[in-house]
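Worth knowing before you read on, the calculation uses all heavy atoms, side chains too, and leaves out hydrogens, waters and symmetry mates. One-based numbering, in listed order, for ligands and for the atoms of each.
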Amino acid sequence: MTIHVFDVDGTITPSRLKIDPNFKKFFLEWMKNKKVIFVTGSDKDKTIEQIGSDIWNEAYACMQSCGNHIFVKGEEVSRNPWEAGEGLIALLEQFLVISKYRKRTSNHIEHRIGLCNFSVIGRDCSQREREDYAEWDDLNKERLDMAAIINENFSELEASVGGQISIDIHPKGANKSQAKKWILENIGEDSIIKFYGDKTEKGGNDYDLAKVLKAPHKVYQVKDWKETYNLIKNDN
Ligand code: M1P
């Protein structure tokens, strides 16, 4: 059986924005006779805000916090109890002091279930501030450097770049690759996974899942939801 697994931000929607209304209409119809799973660094509320409760509930499973908080047909089935410790918080606060990007808003450290999300500009930034930081980070690779520092200093943790402005941090191995294990154990060993993500390169939060999906599974790296649409529109 084919299982269609999608990242959300950058793959189904622009980062932290709502799904395009026409794509939403298409997707709701397309997913009806398929097993669709979302695997995102984001939490339940933000994902529902972006894709809508209709798509979220229609999905076979929604793996929030990179698979650390799992829902099946809307019902919670598992949660990772991990919480960020004092040492990690101290390092993140230090990043806020030393970052060369000077603009700050608020909500820099967001505690999610089984995952901590960190952002220098802050999650309360405007769309404009988000885009400005993303452009600067593309050139300066600050998030990649910060994720590497976290990975060097905390051997029990793992940090990766997700979305436009933030870093996802969780226990080592508790990354999106959990989706493969979960699918094979809960849906069937013979499942064929098709995974669509925009951050499948090393350092990105789709990489760990992409890396463990060898043939007959398939990985599609996309640059935005339009590419996702073009890939799936004839896949019936
Ligand atoms: O899926 C990864 C991340 O995508 C978005 O990131 P950002 O806000 O950096 O663009 C958010 O949904 C974030 O919560 C999530 O971890």
Side-chain angles (χ1 to χ4, degrees), residues 5-19 37-52 55-56 59 62-71 80 82 84 92 95-96 99 101 103-138 140-147 150 157-171 174-179 195-210 221-225 228:
V5 179
F6 296 90
D7 163 52
V8 176
D9 292 84
T11 300
I12 290 288
T13 73
S15 235
R16 280 302 289 126
L17 293 178
K18 286 199 164 88
I19 187 167
I37 294 185
F38 293 108
V39 56
T40 166
S42 200
D43 55 27
K44 176 186 166 190
D45 291 353
K46 290 192 197 69
T47 305
I48 291 180
E49 183 189 303
Q50 289 173 237
I51 65 176
I55 292 189
W56 193 84
C62 293
M63 303 190 169
Q64 311 294 154
S65 297
C66 291
N68 290 301
H69 195 197
I70 305 180
F71 296 81
N80 183 335
W82 176 82
L92 300 180
F95 284 162
L96 289 178
S99 167
Y101 197 80
K103 176 90 190 164
R104 301 280 182 279
T105 60
S106 46
N107 197 6
H108 302 280
I109 301 173
E110 188 173 80
H111 299 279
R112 299 182 185 161
I113 293 168
L115 182 145
C116 173
N117 182 266
F118 172 72
S119 168
V120 162
I121 178 75
R123 304 207 59 79
D124 294 337
C125 62
S126 64
Q127 185 60 24
R128 184 64 223 234
E129 288 165 334
R130 163 181 278 276
E131 278 157 23
D132 286 348
Y133 177 81
E135 202 176 303
W136 179 86
D137 183 59
D138 250 4
N140 293 277
K141 310 283 178 229
E142 172 177 78
R143 291 188 298 161
L144 273 175
D145 289 346
M146 287 178 171
I150 297 167
L157 300 180
E158 209 168 69
S160 60
V161 169
Q164 281 181 308
I165 58 162
S166 62
I167 295 172
D168 288 333
I169 309 154
H170 43 66
N175 52 49
K176 289 193 183 184
S177 71
Q178 299 179 107
F195 175 46
Y196 308 81
D198 70 320
K199 291 272 189 303
T200 58
E201 277 164 8
K202 206 168 177 163
N205 71 356
D206 295 325
Y207 175 74
D208 296 294
L209 176 55
Q221 163 142 30
V222 297
K223 54 176 193 312
D224 54 26
W225 67 266
T228 305

In order of chain and number, which residues sit within 4.0 Å of ligand 1 by heavy atom? D9, S15, R16, T40, G41, S42, R112, N117, R123, R130, G162, G163, Q164, I165, S166, D168, N205

Side-chain (T11) to main-chain (D198) donor-acceptor, under 3.5 angstrom: yes

Donor-acceptor check, side chain of R143 to backbone of D137, threshold 3.5 angstrom: yes or no? no

salt_bridge(R16, D9) N-O dist < 4.0 Å: no

Are the side chains of W225 and I19 in touch, meaning some heavy atoms are under 4.5 Å apart? no

For K18, is there any backbone N or O sitting under 3.5 Å from a side-chain donor or acceptor partner on Q50? no

Donor-acceptor under 3.5 Å (Q164 side chain, E131 main chain): no

